[in-house]
Asks: 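Take this structure first; my questions come after.
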Amino acid sequence: MKKTIFILFFVNCFLNNYAQITLNLVGVDSKGKKIESIEFVNFNVEGSATSAWKAQYNVDGKRDISSVSRLKNFKFQINNITAFWQNQCIQREVYENLVKSGLQYDLRHDLEIESLNFLEKLQSNNLLFEDNFLENFLYSLVYKIYPGTINDGRPGIISVKIEKDTSPNAYILPNGTMIITTGLLSTINSEQELIGVISHEVSHFVLDHSIININKAEKRQKAAEFWAGLATSLAAAAEVYTATKNEYYVPGALTYSTAVLSYTIASQVNDRLGLKYSREQETEADICAIQIMKFINVDSTALSAALYKIKNYCILKGDYLAISGEGTHPNIDDRVIRIGNPKTFASSSYDKIISFVNSQNAIYEFNSNHFKACQSLVDRNIAAGVATEDDYILKAMTNLCLYDNVEKNNEANELINKAKSLNVAPTINLFKQEGLVLVRLKKNQDAVKAFEQYANSIKQEYVNLELVKNEYSWAATKSYLDSEKEWTAKMIYKVKNL
């Protein structure tokens, strides 16, 4: 029997650039022999300066060695989520890439810093939507898909943040922070669809697509220049979204510039952090998403249902940038065909969970003069039995904007009275809208009383203004209160003389 030339091996950690990878997979090789205890080790050939990474594992209790690529020929037992993802990494050549490039902890550390920098800028510009209950729900879905780490030497913790953005989008930063927009949460209608989207993003993360893309990039803009430019875009977005504070919604406050800003910011971040995926990477992520959804017994066509709804939303709003092939998730039609035609997904329990997001997005839509879209969102909260004052007021306001007949005017008045009766989250906007509804109903004396209450509420808002720390929010709110104070005084005078 020929004597093996491999007589010495050792694990090389490359000073923070490489760590030993050990997989807890169990399976069989092509001959049906049991495979387990897989490690990737760097072998040095005696008398040679060269080395090669190999897979070392037990075969029916005996130690054997082969190329890393040969692992794809083995059939592993996939009885937990960690095993699922480790097997995906084998089949998608992730570990082959890792043994060639190393774990690149230096690069991953730099991307961690840049990811945290981006999140800090979102936070400081009031562009993160805070809802602990909803975040807990999202984490519960992530845990179904990803176990916290897959034990292969790479950093692997996933966190979740919600971004104030009407564009339906989700993306995952290289440090594992998944960002889901308020627009996406309201565009879809079920937990299954959300699991589909999350599965797709987790697949990008596990398959190391951002690291691969950055390694391929020939040149990256200097960090200081990039963050200075992005800070300007984020500040502009913050000014646009300031108008969406619940108490101060007004038609026309938002424009198409919101969509343009969202696209611009996403495009910049995608390029910088390696999130501009290729067609092949999108296909890989879709296939992995389908497989993990099947593994956890979720209908995989929920992902194509979500994609259809994203496409339809973008067409309806004229946001063609998002589906033009230049956005974060191109080629929606091709992806839907590959995944399969979806069933109908809708759930009132899902609407209960995201009701605060629906209310916030309804304000966005109202401020953009999308009155039908606004009404659709608040109707979801009303149907789910979780509508608050804002929802009923917004529906009353859209009635006034869309109709002028006795039935709809009386309905608007009933909606205002319903809002007054709740006392869940009182808003000064109630008195203003009550006055407008009463004017429409020609109840001028009652309308004056409502406007006078609104004027008193504005006085209190000036006091509350001192608590606002964000300069953009303070300036926008002060300007709005000044104009509302003047408008209300004129309206009281006018209605008294009608």
Asks: If we ignore hydrogens and angles and just use 3.5 Å, is the side chain of Y462 paired with the main-chain N or O of L481 as donor and acceptor?
Replies: yes

Asks: Measure from the side-chain N and O atoms of S457 to the backbone N and O of Q453, and report whether any donor-acceptor pair falls under 3.5 Å.
Replies: yes

Asks: Passes salt bridge (Lys or Arg N to Asp or Glu O under 4.0 Å), K478 versus D482? Steps please.
Replies: CA-CA 6 Å; K478 174 67 163 56; D482 289 344; 2.8 Å; yes

Asks: Once rounded to the nearest 0.5 Å, what's the spacing between atom CZ of F295 and atom NZ of K144?
Replies: 14.0 Å

Asks: Closest approach of N423 and E389, non-hydrogen atoms and distance?
Replies: N-OE2, 3.2 Å

Asks: Quick check: are there more than 12 heavy atoms from other residues, nucleotides or ligands sitting under 6.0 Å from NZ of K418?
Replies: no

Asks: So, for I188 and K309, which heavy atoms are closest and what is the spacing to 0.1 Å?
Replies: CA-CD, 4.2 Å

Asks: Any side-chain to backbone donor/acceptor pair from T182 onto D165? Under 3.5 Å, distance only.
Replies: yes

Asks: Do the side-chain N and O atoms of N381 and S355 include a donor-acceptor pair separated by under 3.5 angstrom?
Replies: no

Asks: Is there a donor-acceptor pair closer than 3.5 Å between any side-chain N or O of T301 and the backbone N or O of S304?
Replies: no

Asks: Could you check if a side-chain atom of L138 sits within less than 4.5 angstrom of a side-chain atom of I162, using non-hydrogen atoms only?
Replies: yes

Asks: Would you say the side-chain atoms of D299 pair up with the backbone N or O of Q192, donor to acceptor, closer than 3.5 Å?
Replies: no

Asks: Rounded to the nearest 0.5 Å, how far does CZ of F356 lie from CD of Q360?
Replies: 11.5 Å

Asks: State, with a plain yes or no, whether a side-chain heavy atom of R154 is found less than 4.5 Å away from one of V206.
Replies: yes

Asks: Hey, are the side chains of S199 and I195 touching, using non-hydrogen atoms and a 4.5 Å cut-off?
Replies: yes

Asks: If we ignore hydrogens and angles and just use 3.5 Å, is the side chain of S368 paired with the main-chain N or O of H370 as donor and acceptor?
Replies: no

Asks: Do we see a donor-acceptor contact under 3.5 Å between the side chains of Y171 and E163?
Replies: yes

Asks: At what distance, to the nearest 0.5 angstrom, does CG of L111 lie from CG of L273?
Replies: 6.5 Å

Asks: Please say whether more than 12 non-hydrogen atoms of neighbouring residues, nucleotides or ligands are located less than 6.0 Å from NZ in K352.
Replies: yes

Asks: Using atom types as modelled and distance alone, determine if a side-chain donor or acceptor of S376 lies under 3.5 Å from a backbone N or O of K372.
Replies: no

Asks: Do the non-hydrogen side-chain atoms of E135 and E130 ever get within less than 4.5 Å of each other?
Replies: yes

Asks: State, with a plain yes or no, whether a side-chain heavy atom of N413 is found less than 4.5 Å away from one of N409.
Replies: no

Asks: Once you round to the nearest 0.5 Å, how far does CG of L173 lie from CD1 of I179?
Replies: 4.5 Å

Asks: Could you tell me if E284 and Y277 have a donor-acceptor pair between their side chains, going purely by distance under 3.5 Å?
Replies: no

Asks: Would you say the side-chain atoms of D390 and T388 include a donor-acceptor pair closer than 3.5 Å?
Replies: no

Asks: Is it true that W487 and F451 have ring centroids separated by less than 6.0 Å?
Replies: yes

Asks: Before giving the answer on side chain to side chain contact (heavy atoms under 4.5 Å, CB included), spell out for L377 and L394 the whole-Å C-alpha distance, their side-chain angles and the decisive distance to 0.1 Å.
Replies: CA-CA 10 Å; L377 287 165; L394 283 165; over 6 Å; no

Asks: Just verifying a value: how many Å separate N213 CG and Q281 CD, rounded to the nearest 0.5 Å?
Replies: 4.0 Å

Asks: Looking at CG of L184 and CD of E193, how far apart are the two atoms once the value is rounded to the nearest 0.5 Å?
Replies: 9.5 Å

Asks: Check whether W85 reaches the backbone of I145 with its side chain - one donor and one acceptor, N or O, closer than 3.5 Å.
Replies: yes

Asks: Check step by step if side-chain hydrogen bond (donor to acceptor under 3.5 Å, both in side chains) holds for E484 and Y454.
Replies: CA-CA 9 Å; E484 285 299 286; Y454 184 51; 2.5 Å; yes

Asks: Which pair of non-hydrogen atoms, one from S167 and one from T181, has the smallest distance, and what is that distance?
Replies: O-OG1, 2.7 Å

Asks: Give the C-alpha distance, both sets of side-chain angles, the deciding distance and a yes or no for side chain to side chain contact (heavy atoms under 4.5 Å, CB included) between K432 and T488.
Replies: CA-CA 8 Å; K432 176 183 179 180; T488 306; over 6 Å; no

Asks: Just wondering, more than 12 heavy atoms not from N132 lying within 6.0 Å of its CG?
Replies: no

Asks: Taking S186's backbone N and O only, do any of them form a donor-acceptor pair with R380's side chain (distance below 3.5 Å, no angle check)?
Replies: yes

Asks: With a cut-off of 6.0 Å (strictly less than), are more than 12 heavy atoms of other residues, nucleotides or ligands near CD of E120?
Replies: yes

Asks: Can you tell me which residue among R92, K216, R108 is in a salt bridge (charged side-chain N to carboxylate O under 4.0 Å, His left out) with D208?
Replies: R108

Asks: Could you tell me whether the side chain of K164 reaches within less than 4.5 Å of the side chain of Y364, counting heavy atoms only?
Replies: yes

Asks: Could you tell me whether the side chains of E114 and N175 share a donor-acceptor contact shorter than 3.5 Å?
Replies: no

Asks: For residues V94 and Q88, determine if any side-chain heavy atom of one lies less than 4.5 Å from a side-chain heavy atom of the other.
Replies: no

Asks: Go through F371 and N369 one step at a time and tell me if the side chain to side chain contact (heavy atoms under 4.5 Å, CB included) criterion holds.
Replies: CA-CA 6 Å; F371 303 127; N369 293 326; 3.5 Å; yes

Asks: Please determine whether a side-chain nitrogen of the Lys or Arg among R338 and D334 lies less than 4.0 Å from a carboxylate oxygen of the Asp or Glu.
Replies: no

Asks: Compute whether any side-chain donor of one residue and acceptor of the other, for E461 and N464, lie under 3.5 angstrom apart.
Replies: yes

Asks: Is there a side-chain contact between M178 and V202 in this structure, where contact means two heavy atoms from C-beta onward sitting under 4.5 Å apart?
Replies: yes

Asks: Minimum heavy-atom separation for G196 to A289, with atom names?
Replies: O-CB, 4.3 Å

Asks: Counting heavy atoms not belonging to Y143, are there more than 12 under 6.0 Å from its OH?
Replies: no

Asks: Take atom NZ in K443; do more than 12 heavy atoms of anything else shown fall under 6.0 Å from it?
Replies: no

Asks: Could you pull out the closest heavy-atom pair between Y139 and I158, with the gap in Å?
Replies: CE2-O, 3.7 Å

Asks: Indicate the atoms forming the closest heavy-atom contact of A305 with F345, along with that distance.
Replies: CB-CD1, 3.6 Å

